[in-house]
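Data first, discussion second: the structure below is written as structure tokens.
The structure presented is a predicted model; accordingly, all values stated were derived computationally and were not measured.
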Amino acid sequence: MDSVNQLGRFLRARRAVVSPREAGLPDDAPRRTVGLKQEEVARLAGLSEGYYARLEQAREKHPSDQVLQALARVLRLNPDAARYMRALVRAQDRPAPADAEVAAHVLHLIEAWDATPALVLGSCLDVLAGNALGRALYAPVLPYGNLVRFTFLDKPAARAFYRDWQLIAEAGVAWLRATAGVPAGRPRLDELVEELSADAEFRRLWSRFDVRDKTSDVKRLHHPIVGDLTLNYQILDVDGAAGQHLFIYQAQPGSPSERALLRLREPAATE
């Protein structure tokens, strides 16, 4: 993974997707540079060209909060991306702890939810645990052990399972950037990114440095046994377990998706 100069790579990627017009600059002249030039970012942020160049070259590693705020404004960063940029500065040389095993009390809790699918995922979206209904719901994914691996390394199956495959792909890569890509030296992330980089679409999305940290959304699936489902999901951090996240799925009461989940609870369907 590109862990040597994450901040510089992030800044270059984000200025490449901001057009001069979006930044309030005239764009009528022909340009060889995609997006904004270094000197344009520096001028709009109130920085010297040399200082900004040192940021991109990793020769300046401790920009102030005021500098980061100015860059977030010029590069039109959303709140998640701005937090990610600040975290890159704080954690340039600090390795992150590996995901621990799922605690017994968490396993007991989710197993008691026999009508609510639940998964415990690690920081890189590895599937660490799930209750019976969660395992049944994600049966096509489980052999891959990781949601993003399934999305990119078995595209026919993933496109059949995820009815909005492109959105899922973009969200998965943005999750890796937001939650697992911050601390340098995470061996699991290095391994996963190297494996996924065999896929051209993953490489394209990874190079954009899009960052989104979702806590809830809607997911549309097509399960091979019970058909189409539209589920709301909520993401909660597991207290005391850094990097672990609890994904909880629910269907609207009385909806076809709720009836599909009820069928998925039947032993024959689960098998």
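The distance from the CD atom of Q38 to the CD atom of E49 is 8.5 Å, given to the nearest 0.5 Å. The CD atom of Q252 sits 10.0 Å away from the CG atom of L231 when rounded to the nearest 0.5 Å.
A cation-pi geometry, defined here as NZ or CZ lying under 6.0 Å from the six-membered ring centre and within 45° of its normal, does not hold between R177 and Y84.
With contacts defined as side-chain heavy-atom distances shorter than 4.5 Å, the pair L128/E101 does not qualify. At least one side-chain heavy atom of L36 sits less than 4.5 Å from a side-chain heavy atom of V74. Proximity of W175 to L147: side-chain heavy atoms (C-beta onward) are nowhere separated by under 4.5 Å. No side-chain heavy atom of Y52 sits less than 4.5 Å from a side-chain heavy atom of R43. Taking 4.5 Å as the limit, some side-chain heavy atom of L221 sits within range of a side-chain heavy atom of Y162. Residues D210 and V173 form no side-chain contact, since every pair of their non-hydrogen atoms from C-beta on lies 4.5 Å or further apart. In this structure, the side chains of S216 and I235 stay at 4.5 Å or more apart for every pair of heavy atoms.
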Determine, stepwise, if the pair S19 / E22 fulfils side chain to side chain contact (heavy atoms under 4.5 Å, CB included). CA-CA 5 Å; S19 70; E22 289 174 321; 3.1 Å; yes

Determine, stepwise, if the pair V89 / L7 fulfils side chain to side chain contact (heavy atoms under 4.5 Å, CB included). CA-CA 7 Å; V89 174; L7 177 61; 3.9 Å; yes

Step-by-step side-chain hydrogen bond (donor to acceptor under 3.5 Å, both in side chains) determination, E258 to Q250: CA-CA 8 Å; E258 184 183 52; Q250 292 181 314; over 6 Å; no

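With ring centers used as reference points, F247 lies 6.0 Å or more from Y138.
Each salt bridge (charged side-chain N to carboxylate O under 4.0 Å, His left out) pair with one or both residues in residues 136-152, not counting sequence neighbours, appears once here: R149-E195.
A salt bridge does not link D80 to R212: none of the charged nitrogens lies less than 4.0 Å from a carboxylate oxygen. A salt bridge is defined here as a Lys NZ or Arg NE, NH1 or NH2 lying under 4.0 Å from an Asp or Glu carboxylate O, and R15 with E56 meets this definition.
Across L246 and A118, no two heavy atoms sit closer than the pair CD1-CB, 4.3 Å. In plain terms, the two heavy atoms of F161 and V141 that are nearest each other are CE2-CG2, 3.8 Å.
Residue-environment remark: CG (D114) exceeds the threshold of 12 foreign heavy atoms within 6.0 Å. The 12-atom threshold is exceeded at CD of Q234, counting heavy atoms of other residues, nucleotides or ligands nearer than 6.0 Å.
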